2 protein chains.
Amino acid sequence: MTTKGAQRGAVTEGAEKAVRAGRPVASSARPVRAATARPTSRLRPEHARRHNRALVMQALYRAEGLSRADLAREVGLTRVTISDLVADLIAEDLVIELGLRPDSRPGKPATLLDLNRQGFSIVGLDLSNNSAFRGVLTDLDGTVKSRAEVPVRGVTGMEAVDAAYRLLDELLAGAEAPVIGIGIGSPGLVDLDGTVVQAPNLGWHDVPLQQLVSERYDLPTQVANDANMAAQGERTFGGASADTMLIRIGRGVGSGLVIGGHLVHGSGFAAGEIGHVVVGTDGGADCACGKAGCLETWLASPRLEANLAEATDDAGRTAVLREAGERLGIALGPVVGALNLGEVILAGPHDLLAGDLLEATAETLRSRTMGELHGDLSLRMTALGRDIVVLGAVVTVLTGQLGIS
Amino acid sequence: MTTKGAQRGAVTEGAEKAVRAGRPVASSARPVRAATARPTSRLRPEHARRHNRALVMQALYRAEGLSRADLAREVGLTRVTISDLVADLIAEDLVIELGLRPDSRPGKPATLLDLNRQGFSIVGLDLSNNSAFRGVLTDLDGTVKSRAEVPVRGVTGMEAVDAAYRLLDELLAGAEAPVIGIGIGSPGLVDLDGTVVQAPNLGWHDVPLQQLVSERYDLPTQVANDANMAAQGERTFGGASADTMLIRIGRGVGSGLVIGGHLVHGSGFAAGEIGHVVVGTDGGADCACGKAGCLETWLASPRLEANLAEATDDAGRTAVLREAGERLGIALGPVVGALNLGEVILAGPHDLLAGDLLEATAETLRSRTMGELHGDLSLRMTALGRDIVVLGAVVTVLTGQLGIS
DNA sequence: GTTAGTTAGTAAAGATTACTAACCAACCTC
DNA sequence: GAGGTTGGTTAGTAATCTTTACTAACTAAC
């Protein structure tokens, strides 16, 4: 190891020690507010190469069984260049040849290619559940190969980090193919460096989780907010469009926004935090945050379940669910209108959300926003179920390491 | 002229004729909804060069009086490459040498460079005003060199297009430096090709304004929604941050959103259309759109002025303004929260907006959204006054033609 | 005045990347 | 089997940025 390596080790040591001792780590000096947009970086030949390489992978990811000639047409590069790129990818085992195209047509038969989907693994973690950290090991398709859980009820601080380590240890030990990276969806505010600025439930403040994990396992690591991960998961695996909002309802209410195909971070990395926005102008229940009528007071699952329990008959339960849905619609109206969203997706307890609540939200949204100006709005439940966050985490690894999105 | 050129001319003819005859033009067949994100294009050497060239221009734009060596440090390319790029730019007269750096320090004195800010002109048009189309001619700094207006009260359809032509004729005739492009802020829905999908006030449906203007004047032309133009103007000339919402209040209420430095278009090019979002849960005045309690019923300047006229004393007028401000705050709350906006900017009649209304909006926003999660929100009037749209249009030309944003 | 050190800018050669042109291979149709 | 079509490779070229090495022009210190 060079001096540089040793120094990096030392930095990690310091960070871990500081977290364990409850001291702020170096990164806490960084302001929460995003830095003013630095100019886009210069473009060198190798950057162009990486970009084109990612285009090839993306094309292969979406449609397996393309030939080099197909790729040339799809991506817009020449067959020569594609062959060159593909040769690199095959040398790295990221792409494999499937053999000749079976169908019969004029000309030399094509050699079909595909991503080596089974040849690599990705680890995805979901730290947003209060009772257990959940994790999966998938192939490049996002197909779950194994699962693991670690109970964390009441666990905070460095203990919680250790719990994540145990989960990762278990998943990595079971990997049968090389792991290309680790994705972690964490609750709370996460900055662009993968530092958890704050996550009250886990007692984390300025925990440089990405740095800790990537150095401990020597693997590329992506850390982001759980709802943002969920939004990216839905975009890649759930077929969500380029302008989508994903609402996550659980103990709290959060959301992830994809606008023009890009994840929205917000000026303080707090984009999507809509749980404590006040809804409507007719009061509402008191909220833990000190305000009254926050979205969470209607929609967070503990509150919703309590309200349901109070209802005596089906009609009462329907009314509770419809009111919650209406409140969500009222809150989302301005967002849907301002962003001209084409799609809103709900993730959370299916039995609570999928029926009357969803319907009431859709009706409210349409009646409060849709004019002749706006097109259709699609409101639906996630297609990914409970795995939405872990799969989103897998997507960030696919994107970060292979350029696939 | 080649066959290709003739063909282009023919297409224009058809479009103009169709518009004049009130028939739909070819482009109307295009769906309003944005196409599914086509994969990012391949990157060839010349694209990289263009990108790096834009970086150089952008650095010079922000800070005049940089040397080649300064640029190399700033942009991250080598001095050699910068010299090469600068030589190109000087050959095109886009960059000029200012002479030697005056201060005294070791080493060879630097030759200072600057954009040739006075050497080129840009035309910006604002078609959003009901009584007159307004236009300006500026230098590359956005400094207004001349102004012009054409009355258009009640003018619609191809007559309105002709009015824009007259305005352009006048401005272009007065240009003393070569014009690098034309920017036009239009009311209504404008797609990415610069076709005005619909602008009821002007009686426009699928008017390919960008195509018409660029072919008539043989100049690069940018057409976009007026509020979007305003947002871009405020971002470049008004110092707005990378996450900003600009609210435009006039005959109606619209907005332009910049998220992560990028303009938001929305799935149907209707992003920012918040005028007909219902505000609050306690009713409101009937709106022309058929709903009740739309944002416009409180904020559109005709309504606001009518309400003010009804008030008998200062207290009453303050109450009217505060209520309008509160309604705006209520509508913006979910948007500010979901996007974690750091900045909201108001543009419109200064006497109506700048006092009680603005204050009430700020208070409402803070009380309904701000938690420990969110940073400070800055709410202010535009710094650009009535020129905000034309200057925004100028910015789009700077961005589109020179890569400056 | 002389020497050393620093900074700006340029020149030449090398590496990367993608392109064009030309080719062979392997299939189809006739 | 001839001719046409499609897939993929080889060889050479153009564009771009880098590295290395140079000259020019200045300050600082003796």
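Predicted model only: the values in this text are computed from it and were never measured. Chain letters run A, B, ... following the sequence lines, proteins first and then strands; every chain starts at 1. Hydrogens, waters and symmetry mates are skipped; everything else that's a heavy atom, side chains included, is used.
Legend: residues meeting side chain to side chain donor-acceptor pair (under 3.5 Å) with B:T399, ordered by chain and number and at least two apart, are absent. For B:E97, the side chain to side chain donor-acceptor pair (under 3.5 Å) partners are B:R68, not counting sequence neighbours. Looking at residues two or more places apart in sequence or on another chain, you find no side chain to side chain donor-acceptor pair (under 3.5 Å) involving A:S83. With sequence neighbours excluded, the residues forming a side-chain contact (heavy atoms from CB on, under 4.5 Å) with A:A271 are A:V264, B:N340, listed by chain and number. The salt bridge (Lys or Arg N to Asp or Glu O under 4.0 Å) check on A:R53 picks up A:E92, with sequence neighbours excluded.
Taking atom CD on B:E46 and atom C1' on C:dT20, their separation rounds to 14 Å, with Å as the unit. Atoms CZ (A:R53) and P (C:dT16) sit 15 Å apart, rounded to a whole Å. To the nearest angstrom, C1' of D:dA15 lies 12 Å from CG of B:D88. Following rounding to the nearest Å, A:I82 (CD1) and C:dT17 (C1') show an atom-to-atom distance of 13 Å. One atom, CG of B:L85, and another, C1' of D:dT18, lie 13 Å apart when rounded to the nearest Å.
Here A:L77 lies in heavy-atom contact (under 4.0 Å) with sugar-phosphate atoms only.
Contact between the side-chain N/O atoms of B:N52 and the OP1/OP2 oxygens of D:dT16 is not found at any separation under 4.0 Å.
The nearest heavy atom of DNA chain C to A:L100 and to A:R49 marks one nucleotide each, and the one closer to the 5' end goes with A:R49.
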What string of B, S and - do you get for nucleotides 6-12 of chain D, 5' to 3', when a contact is any protein heavy atom under 4.0 Å?
BBBBBB-
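Taking 4.0 Å as the cut-off between side-chain N and carboxylate O, B:R117 and B:D141 count as a salt-bridged pair.
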